[in-house]
Amino acid sequence: MKLELLGKVHEVAENSSVGDLLKNIDPENFKKYLAVRLEDGTLCDLFAPIEKSQKVEALTFQEEAGRKVFFHSASHLMAMAVKKLFPETKLAIGPAIENGFYYDFDREEAFTAEDLEKIEKEMKSLVGKSIRPIRFTLSRHEAIAQMKQAGEPYKVELIEDLPEDEPLSFYQMDDFLDLCVGPHLPNLSYIKAFKLTQLAGAYWRGSEKNKMLRRIYGTAYPTKEELAAHLDRIEDAKRRDHNKIGRELEYFTTVDYIGQGLPILLPKGAKVIQILERFVEDEEERRGYQLTKTPFMAKRDMYKISGHWDHYRDGMFIMGNADDEEAEVFALRPMTCPFQFQVYLNRTRSYRDLPMRLNETSKLFRNESSGEMHGLIRVRQFTISEGHLACTPEQVEGEFRGCVELAQYFLKLLGLDGDVSYRFSKWDENNKDKYIGNPQDWENSQNEMRRILDDIGIQYTEAEGEAAFYGPKLDIQIKNVHGKEDTMITVQIDFQLAERFGMVYTDKDGEKKFPIVLHRTSIGCYERTLALLLEKYAGALPTWLSPTQVRVMTITERSDAFAKEVEAALKQAGLRAECDLRNEKIGFKVREAQMEKIPYMLVIGDREAEERTVTVRNRKGDNVGTMPFEQAVALVKKANDEKVID
RNA sequence: GCUGAUGUAGCUCAGGCGGUAGAGCACUUCCUUGGUAAGGAAGAGGUCAUGGGUUCGAGUCCCAUCAUCAGCUCCA
């Protein structure tokens with residue numbers, strides 16, 4: 001039998017393993033190899049016998065697949081420790097995730113921080129035992145019997161849901177047995193460094209209808225240094241958390257008696273959002289959008305037409321008794337669509353009116369469940385650049401493309417274009433109640449959208465069950481510092497609501513037709529976008545977005561008058577400037593401005609005041625130079641006008 | 001909504017086993033200093049998240065509520 005490995009073909013005995021081969025050809029690096037990828041892409045243990053000649057790949061911690069094996073074994077190691085310390089615990093599942101692993105357990109009592117320490121200690125002692133995971137397979141029947149005997153109801157449930165004919169693989173690690181497809185490390189002693197990072201609850205099989213299990217998250221590395229570096233990276237990310245720096249730098253705050261998800265935007269946060277809103281409205285006007293201003297609420301009658309009453313009621317704030325059919329009941333708007341449609345409906349429309357592009361800087365209200373709020377990223381009242389485009393079928397592709405281009409234009413300006421991914425969000429065929437319209441319409445609109453996406457040529461992933469209730473979406477996704485992904489921008493194709501609202505146009509042929517409606521945001525929700533910007537720039541927003549762009553500071557009172565003059569010149573140029581005339585040491589003033597992430601500092605002493613110059617420093621602390629003050633004003637003005645990412 | 005943690009001055013945190021609140025930084029005033037981070041003096045700041053309960057007495061113990069954080073679920 002021949003195995004091709006590391007670029008060479010080796011003659012080996014029948015059924016020998018890659019591990020055996022590596023021991024011969026690369027003995028000094030042998031311990032680096034964790035598992036094997038076969039020619040057909042399947043993974044197996046390092047010492048699994050290979051059945052036929054083929055090209056194989058030995059996976060190390062450097063490859064994602066190798067890391068996953070490492071994390072997965074670490075997860076089992078943790079489960080072993082838990083079972084040793086708390087034998088009554090029932091096992092659910094324990095997969096590898098992006099930067100570590102978790103295992104879900106069912107146990108009456110919650111684990112405590114002290115328990116985690118105990119578990120880590122037990123894991124250490126297990127690592128010392130040099131346990132070699134042993135794989136074997138059982139028939140479905142035997143497997144169920146085995147797991148029933150072991151008292152593992154979740155495992156039994158898992159097996160019952162697996163295909164009938166598949167033999168089930170198990171791993172024996174010391175006295176610990178687990179149902180598992182593998183592969184696993186050749187030896188648990190490879191797991192030299194690990195840390196249990198957090199405790200959490202998680203629903204069995206991800207459904208809130210099921211029991212909540214106890215989840216323990218952890219991470220593991222081959223060396224202590226790599227683990228320490230990883231933990232440092234996490235700490236670093238947390239320092240960028242908008243929820244921390246946004247409060248520290250006074251962009252926003254919350255008040256317990258106002259309520260969850262209702263942040264107060266402080267002057268700095270409000271300023272950034274104002275800059276963005278004005279900019280977006282102006283840019284959209286240039287691109288043929290018409291601004292609307294529509295009500296924040298409507299009677300229930302409207303939501304019945306739009307479908308919100310039946311499909312989105314839980315997400316709305318309702319005023320009045322919703323159960324009383326006679327009463328006048330209002331609800332705050334969770335979306336702008338039905339309101340903006342009224343603009344279209346204001347008079348008869350012809351194909352000549354299309355495409356009609358409407359935009360609105362819109363306040364929306366959504367009654368999110370209490371545990372879902374997060375800083376400025378997930379709130380109950382937010383402001384979104386929302387727009388609706390009514391167009392003919394021929395215009396859909398061009399208009400859709402225009403929406404995507406506009407979104408990409410804003411992303412690039414914000415410097416976030418490299419941080420997003422695209423998701424094609426489809427409906428869930430098995431959960432039709434969540435949506436309006438018939439399957440054929442959904443099929444058509446999804447195919448149309450996929451065709452356009454492929455035409456535009458953007459890379460995207462597909463996601464079932466993520467569509468809006470009225471149509472499929474292109475979602476532009478972004479991750480926060482904790483690695484949690486959220487939708488930033490969305491463009492949707494809607495073949496349904498026009499008909500519901502009786503929106504028609506007279507076509508060239510004199511026929512009445514329903515327009516296709518695109519729902520879109522261009523920059524997303526301003527609060528969320530601000531949060532992402534704060535995280536992206538660790539609070540040091542690009543000059544054009546900084547609430548304060550320049551601070552003029554003096555060394556002695558003798559230069560105060562000139563400083564005020566410079567400040568006035570900056571303001572005259574349309575820049576956001578302020579003076580720091582306090583009687584403080586200049587080093588202290590500079591440092592304070594740096595901590596506030598102010599982009600430019602203009603320092604003025606006797607010499608500068610006499611020469612009518614300023615010494616310019618940027619927020620990194622670099623001395624940009626001493627120059628006539630007009631030149632300094634022009635310098636900042638340039639950074640502002642060119643919207644440079646600095 | 002669920003699981004868990006947390007809540008003391010603007011911020012970061014101390015406050016054994018219940019006896020009416022403390023530090024550093026920040027803030028205010030004055031003095032001093034004056035070119036790259038905090039020199040001196042004085043002062044002001046707290047219904048200890050809120051509401052109940054136990055107790056002669058609660059920041060401390062118990063219960064409930066609210067908020068904040070992480071995760072799950074859900075979503076822009």
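When both distances must be under 3.5 Å, the Watson-Crick or G-U wobble mate of B:U60 does not exist. Partner assigned to B:C2 is B:G71, using Watson-Crick or G-U wobble distances below 3.5 angstrom. Judged by Watson-Crick or G-U wobble contacts below 3.5 Å, the nucleotide B:G7 has B:C66 as its partner. The nucleotide B:G34 finds no pairing partner, because no Watson-Crick or G-U wobble arrangement with both distances shorter than 3.5 Å includes it. In this entry B:A42 has B:U28 as its Watson-Crick or G-U wobble partner, both defining distances falling under 3.5 Å. Searching all strands for a Watson-Crick or G-U wobble partner of B:G22 with both distances below 3.5 Å returns B:C13.
Within 4.0 Å of A:Gly605, counting heavy atoms only, lies at least one base atom of the nucleic acid. Residue contacts shown for A:Met335 are absent, as no nucleic acid heavy atom lies under 4.0 Å away. Note on A:Asp475: nothing from the nucleic acid sits closer than 4.0 angstrom, heavy atoms only. Residue contacts for A:Lys589: at a heavy-atom cut-off of 4.0 Å it reaches no nucleic acid atom on any strand shown. In this structure, A:Asp486 reaches the bases: a heavy-atom distance under 4.0 Å links it to at least one base atom across the strands shown. A:Lys209 comes within 4.0 angstrom of nothing in the nucleic acid, heavy atoms only. Across all strands shown, A:Gly587 has heavy atoms under 4.0 Å from sugar-phosphate atoms exclusively, and none from any base. Within 4.0 Å (heavy atoms only), A:Gly621 reaches no atom of the nucleic acid at all. A:Glu557 comes within contact range of at least one nucleobase, with a heavy-atom separation under 4.0 Å. Within 4.0 Å of A:Arg558, counting heavy atoms only, lies no atom of the nucleic acid at all. Here A:Arg215 lies in heavy-atom contact (under 4.0 Å) with sugar-phosphate atoms only. Counting non-hydrogen atoms under 4.0 angstrom, A:Val255 reaches nothing in the nucleic acid. Nucleic acid contact class of A:Asp606 (heavy atoms, under 4.0 Å, all strands): base. Within 4.0 Å (heavy atoms only), A:Thr615 reaches at least one base atom of the nucleic acid.
For B:C11 and B:U50, the P atoms lie 15 Å apart once the distance is rounded to whole Å. Taking the C1' atoms as reference points, B:A38 lies 14 Å from B:C27, given to the whole Å. Nucleotides B:C61 and B:U73, compared at atom C1', are 35 Å apart to the nearest Å.
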For nucleotides 5-11 of chain B, read 5' to 3', which letter fits each nucleotide if B means a protein heavy atom sits under 4.0 Å from the base, S means only the sugar-phosphate is that close, and - means neither? -------
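Ring-to-base geometry does not place A:Tyr217 in a stacked arrangement with B:G71 (centre distance under 5.5 Å, plane angle under 30° required).
Residue order along RNA chain B, read from the 5' end via each residue's closest nucleotide, puts A:Leu199 first among A:Glu466 and A:Leu199. With the nearest nucleotide of RNA chain B identified for both A:Leu376 and A:Ile258, A:Ile258 has the one nearer the 5' end.
Close to B:C75, at under 4.0 Å from its OP1 or OP2, lies no side-chain N or O of A:Arg366. Contact annotation: A:His374 side-chain N/O to B:U68 OP1/OP2 distance is not under 4.0 Å. The shortest distance between the side-chain N/O atoms of A:Gln260 and the OP1/OP2 oxygens of B:U68 is below 4.0 Å. Between A:Thr556 and B:G34 there is no side-chain polar atom (N or O) within less than 4.0 angstrom of OP1 or OP2.
Residues A:Arg357 and A:Glu399 are paired through a salt bridge, judged by an N-O separation under 4.0 Å between the basic side chain and the carboxylate. Residues A:Glu596 and A:Arg551 are paired through a salt bridge, judged by an N-O separation under 4.0 Å between the basic side chain and the carboxylate. Comment: A:Glu248 engages A:Lys244 in a salt bridge, judged by a side-chain N to carboxylate O separation of less than 4.0 angstrom. For A:Arg612 and A:Glu565, the salt-bridge test passes: some basic side-chain N is under 4.0 Å from an acidic carboxylate O.
Residue A:Thr254 has its side chain nearest to B:U68 when only B:A76, B:G1, B:U68 are considered. Distances were taken from every side-chain heavy atom of A:Gln198 (C-beta onward) to each of B:G71, B:U36, B:A76; the shortest belongs to B:G71. Candidate nucleotides B:C75, B:A37, B:G71 were compared by shortest atom distance to the side chain of A:Ala200, and B:G71 ranks first. Side-chain proximity of A:Glu372 to the nucleotides B:U33, B:G35, B:U73 is greatest for B:U73. Side-chain atoms of A:Asp241 lie closest to B:A70 of the nucleotides B:U3, B:G34, B:A70. The side chain of A:Arg214 approaches B:U3 more closely than any other nucleotide in the set B:A76, B:G35, B:U3.
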In a table with atom names and distances, give each donor-acceptor pair under 3.5 Å that connects a side chain of residues 263-281 of chain A to protein atoms at least two apart or in another chain.
| residue | atom | partner | partner atom | Å |
| --- | --- | --- | --- | --- |
| A:Lys268 | NZ | A:Leu249 | O | 2.7 |
| A:Lys271 | NZ | A:Gln274 | OE1 | 2.9 |
| A:Glu281 | OE2 | A:Thr361 | OG1 | 2.4 |

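The interatomic distance linking A:Leu602 (CG) with B:U36 (P) rounds to 18 Å, in whole Å. For A:Ile273 and B:A76, the CD1 to C1' distance is 13 Å, given to the nearest whole Å.
At a cut-off of 3.5 angstrom, counting only N and O atoms as typed in the model, there is no donor on one side facing an acceptor on the other between the side-chain of A:Glu584 and the base of B:G39.
A:Tyr102 and A:Tyr217 have their aromatic ring centers within a separation under 6.0 angstrom. Ring centroids of A:Tyr470 and A:His519 are separated by less than 6.0 Å, placing the two rings close together. Aromatic rings from A:Phe101 and A:His72 are positioned such that their centres are separated by 6.0 Å or more. Taking the six-membered ring where the residue is Trp, the centroids of A:Tyr103 and A:Phe105 are separated by under 6.0 Å.
The closest side-chain heavy-atom distance from A:Arg520 to A:Gln492 is not below 4.5 Å.
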